[in-house]
Amino acid sequence: MTDEVYLVDGSAYIYRAYHAIAPLTNSEGMPTHAVFGFMNILRRLLKDKKPQYLAVAFDMRGPVFRHDIYPNYKANRPPMPEDLAVQIPYIKELVRAMNIPCFETQGIEADDIIASAAQLLSSQGKKVVVVSGDKDLLQLVNEHVVMWDPMKDKVMDIAAVEEKYHVKPEQLLDCYSLMGDSSDNVPGVPGVGPKTVEKLINQYGSLEGVYEELAGMKKSKLKERLEENKEKAFLSRDVIRLKYDAVVPAELSGYLPQEADYEKLNDLYTRLGFSSMVKEESKAIPVPTKGFKLVQTVEELNSVVEHINKAALLVIDTETTSLDVSSAALVGISLCTDLESAWYIPVGHCAEDGCLLEGQLQQATVLDALAPFLESTELPKLGHNIKYDYSVLKKSCNCTMQGPLYDTMIAAYLAQPGRRSLKLDELCLEHDYILTAFDQVVEDPKSENCFAYVGIKQACDYSCEDVYGTLVLWQAYEPLLKEMDQYKLFLDVETPLIPILADMELAGITVSGKVLEHLEEEFQEELDTLREEIHELAGYSFNIQSPKQLGVLLFEELGLPHGRKTKTGYSTDMKVLEKLAHRHEIPAKIMRYRILAKLQSTYVKSLKKLINPESGRVHTSFNQTVTATGRLSSSNPNMQNIPIRTREGNRIRKAFIPRENLVFLSADYSQIDLRVLAHFSQDAALLHAFQNGEDIHARTAAELFSVSPLLLTSEMRRVAKSINFGIVYGMSSFGLSNQLNISRKEASIFIEKYFHLYGGVKEFMGKVVAQAGIDGYVTTLLNRRRMLPDINVKNKTRREFAERTAINTPIQGTAADIIKLAMIKVVPALQKENLSARLLLQIHDELVFELPESELAETQKVVKVAMEGALKLDVPLVVNFEVGKSLAKG
DNA sequence: CTGCGATCTTAA
DNA sequence: TCGTTAAGATCGCAGC
């Protein structure tokens, strides 16, 4: 901290940031790089120098007094670029939000304001630092004033100026007058450069000095030029000369920054998409740990119970030995019901030797006491990713949480669709609380069992922070969900889905290690053979899995014609290889190699690793807060992309088998996307087709090719199917031509015909895109939102992508809504009918159950009713069933 | 060695 | 430079 006054040349740094930083836009497509660069400079100044006194000066739009003296002042400058102009108000707004004194005056420039302030303050003996890189401001340097350029981190005092320019700072004005300034269109004396000026000023002292002595100079080109341009030189000086009488505070208090308006600042940062700045600039504070209590005795546990008895909501977080449910053991539970207090109940903390530490209640004692609350169907529980806590308690503590399970992660997913992180600590930071990071409490976060070795006291603070933070978020998001009309979706769809997904994950699905083992050997043999053959044909060894090396072989060594190019080289994908297959043996072998290698690595080897040795089953994770459309996603393993189209793929499916004496029942929605499209578009032909149970692809084909349905070929149907799918994705003629290997012209004729047939669909697409343009987002039937920040941008590619998304998301998202509703209906319905069928998988439009064969007929009835009646559309929902002893089709 | 982007493939 | 949504393997590069 110093008592120097920092005067920042705001406008100069706006320009520098604008040119120095690559274009950047926020999520709405507004350019932000100048703002970003400027704020970085300002923030670095604040951080590094911690100035006690600081002010920023800006130019204002419009003519300045220099134009009166010299109308051509800056006449050669192009107008401010549009994408910079729109950023200026944000910069000024940010400086105001930071509560830094900010000066601007109509008719004068930032330089003049700085000059006035520097002179006024230095005449009072105050130290001044001019923050600028502009040489024009160097003339302000004196024994009290220095100039600092943060970009170069260089301080210029009198000595530095003299060393660099060989004149005194106060002589710089006269130097510039002679030299002129091409960037400001100030003429000076033509043909006089820095070296000449240096000589002249050093010899004669000043501009006046030069002209007084001019007559005595011997005849030369220089003398001639000086004589001819005397007026210009003096005019230039009047133009360049800084104005020292701008109105600026005379007292230091006028340069004293106040505490920032953090709310406004964060709001601006968020709008600009500067997430890193939101973090650093927030007024966030550590969570107050005063009300955090350890529960180590029965008496203390009883007092917690008494407290929860009066509560309307129980916030819970479990600490365990692993993120993976199947290997997680309980280490402790934290609870709270309001922001006054929170409790941590340790049950599994260990000493270094692995022995349980003293001062912990028995896990059973704790769960017996809490069970009435956890299992209460009345008392809502709240957690951040509560599916995990539900699963741990069910799996390792035999305690099944009931009642609504509110989840702040899901709340944030719905309320702020499209936000990048949903992690508790990041969300809390945006709500002004800094949480202790997991890495701060465990020594080696990667090693297993780690939380068990955290000290009990420290664990208490850490864990209680999490329930406290979760409650803080809930108090913010619950009203927000209501405001945004998302509360019903949250309560009636996402919340009841949580235990269903958890139970599906816990159930898992049996995978025969034996079958996989077999496949692995077989695939490996063929892969080895193929690799040898390919290397043989190539004449040298290379990595077949490297697109780069493969490209060299195919297109350079073999000289085959290359297709499209990628950013890094030639494309070698299946489409390209297919086209080369008839020219050379290698491409076909590569294709076969690719197919097998993919199956081998993704579906055989890694699937084998994920088989739980105890249960012989794999337990996927169904992620509820990942996709932009509202679909679920599945990981570890991804059970939603198990191969199906190829023969080998189907062999992998054969490894998925039901438990002994059980069968799989798969129920999939027929054409759900197109039915949703029919409902949204109200297209007469589409509605009619579905209402009459027609084969929609066949019907489309018959109309498209103008043939009777009886004469349709499978090729015609395939084309129609492609178009039907393409429509759902907002496809162009280019996309279709690519897909069908036909010309663009042919493709566009198909599309034209399609829209002629289904005029309502075309109309619907136009309407959705137009509405998205107005709202900036689209919604599904259950009001789920997706933001489309690019929907109105100038960039055609990005805008058109947003337009396709606007068309696709309501369809895909509504289909996702529907199957979620079906899941919520079907699980209790099966239970009510005393059927033992267990839901195992959801694959976007399909549900897979495991059940005794004897219950097949009755289960199908229940499933059919639940799925087909999930939501009432203007067309029927139709479900098809398949039964099998594995997941293989056919 | 780790992290990350690009490419490619799998599914709906 | 062109049909949506995902997960995941591998390569190859940049940085430590």
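Just so we're on the same page: letters track the sequence lines, and every chain starts at 1.
- Dashed line: the shortest gap from a side-chain N or O of R786(A) to OP1 or OP2 of dT5(C) is under 4.0 Å.
- Taking only side-chain atoms of I595(A), from C-beta outward, the nucleotide of dT5(C), dT10(B), dA6(C) with the closest atom is dT10(B).
- Listed pair S634(A) / dA7(C) fails the phosphate criterion, with no side-chain N or O lying under 4.0 Å from OP1 or OP2.
- Rounded to whole Å, atom C1' of dT10(B) lies 13 Å from atom CZ of R631(A).
- Using a 4.0 Å heavy-atom criterion, one finds that V626(A) contacts the sugar-phosphate atoms exclusively.
- Within 4.0 Å (heavy atoms only), S722(A) reaches at least one base atom of the nucleic acid.
- Phosphate contact (OP1/OP2 of dA7(C), side-chain N/O of S633(A), threshold under 4.0 Å): present.
- Out of dA12(B), dT10(C), dT5(C), the shortest distance to the side chain of D845(A) is found at dA12(B).
- Straight-line distance from the CG atom of L607(A) to the C1' atom of dA11(B): 14 Å, rounded to whole Å.
- Residue contacts shown for S606(A) are limited to sugar-phosphate atoms, with no base heavy atom under 4.0 Å away.
- Looking at residues two or more places apart in sequence or on another chain, you find no side-chain contact (heavy atoms from CB on, under 4.5 Å) involving S606(A).
- If you look at F542(A) and H535(A), their ring centroids are closer than 6.0 Å.
- Taking the side chain of K567(A) as heavy atoms from C-beta on, and the options dG12(C), dT5(C), dT7(B), the nearest nucleotide is dT7(B).
- Between the side chain of Y669(A) and the backbone N or O of M867(A) there is at least one donor-acceptor pair closer than 3.5 Å.
- Considering only side-chain N and O atoms, K548(A) lies nowhere under 4.0 angstrom from the phosphate OP1 or OP2 of dA6(B).
- Within the cation-pi definition used here (under 6.0 Å to the ring centroid, within 45° of the axis), R785(A) qualifies as a partner of Y777(A).
- Judged by distance alone, with hydrogens and angles left aside, Q812(A) brings a side-chain donor or acceptor within reach of the base of dT4(C), the pair sitting under 3.5 Å.
- Of the charged side-chain nitrogens involved, none lies within less than 4.0 Å of a carboxylate oxygen, so that K820(A) and D817(A) do not count as a salt-bridged pair.
- Between the CD atom in Q812(A) and the CG atom in D673(A) there is a gap of 7.0 Å [rounded to 0.5 Å].
- Residue order along DNA chain C, read from the 5' end via each residue's closest nucleotide, puts T797(A) first among T602(A) and T797(A).
- Spacing between atom NZ of K598(A) and atom P of dT7(B) amounts to 16 Å, rounded to whole angstrom units.
- T629(A) has no side-chain polar atom (N or O) that falls below the 4.0 Å cut-off from OP1 or OP2 of dA6(C).
- H619(A) is not listed as a side-chain neighbour of N636(A), based on a closest heavy-atom distance of 4.5 Å or more.
- Going from atom CD of E520(A) over to atom CD of Q524(A) covers 7.0 Å, rounded to the nearest 0.5 Å.
- Between dT7(B) and T572(A), no contact under 4.0 Å exists linking OP1 or OP2 to a side-chain N or O.
- A straight line from NZ of K820(A) to P of dT5(C) spans 16 Å, rounded to a whole angstrom.
- OP1 or OP2 of dT7(B) lies within a sub-4.0 Å distance of a side-chain N or O belonging to T568(A).
- Checking the phosphate oxygens (OP1, OP2) of dT7(B), no side-chain nitrogen or oxygen of Q545(A) falls inside 4.0 Å.
- Computed from coordinates, the K605(A) NZ to dT10(B) P distance equals 17 Å when rounded to whole Å.
- Each end of the helix from dC1(B)-dG15(C) to dA12(B)-dT4(C) gets its own axis, taken as the rotation carrying the C1' atoms of four end pairs onto the next four within a five-pair window, and the two axes meet at 0° to the nearest 10 degrees.
- Rounded to a whole Å, the CG atom of N724(A) is 17 Å from the P atom of dA12(B).
- Nucleic acid contact class of F725(A) (heavy atoms, under 4.0 Å, all strands): base.
- How far CD1 of I652(A) is from CG of L516(A): 7.5 Å, rounded to the nearest 0.5 Å.
- Between T805(A) and dT4(C) there is no side-chain N or O to OP1 or OP2 distance below 4.0 Å.
- In the set dA7(C), dC2(C), dC8(B), dC8(B) carries the atom at the smallest distance from any side-chain atom of S571(A).
- Going from atom CG of L677(A) over to atom P of dA12(B) covers 20 Å, rounded to whole Å.
- Separation of the Y754(A) and Y758(A) ring centroids falls under the 6.0 Å cut-off.
- Within a 6.0 Å sphere centred on NZ of K608(A), other residues, nucleotides and ligands contribute more than 12 heavy atoms.
- The residue E846(A) sits apart from the nucleic acid: no heavy atom pair falls under 4.0 Å.
- Rounded to whole angstrom, the span from the NZ atom of K575(A) across to the C1' atom of dT10(B) amounts to 16 Å.
- For N623(A), the listed nucleotide lying nearest its side chain is dA7(C); candidates were dA12(B), dA7(C), dG12(C).
- For residues 635-656 of chain A, proximity to DNA chain B is found at Q640(A), N641(A), I642(A), P643(A), I644(A), R645(A), defined as any non-hydrogen atom under 4.0 angstrom from a strand atom.
- If you check every strand for non-hydrogen atoms under 4.0 Å, A628(A) touches sugar and phosphate atoms only.
- For the P atom pair drawn from dT1(C) and dT9(B), the interatomic distance equals 24 Å after rounding to whole Å.
- Judged by distance alone, the side chain of K753(A) and the main-chain N or O of L704(A) form a donor-acceptor pair under 3.5 Å.
- The base of dT9(B) is not paired with the side chain of R594(A) by any donor and acceptor separated by under 3.5 Å.
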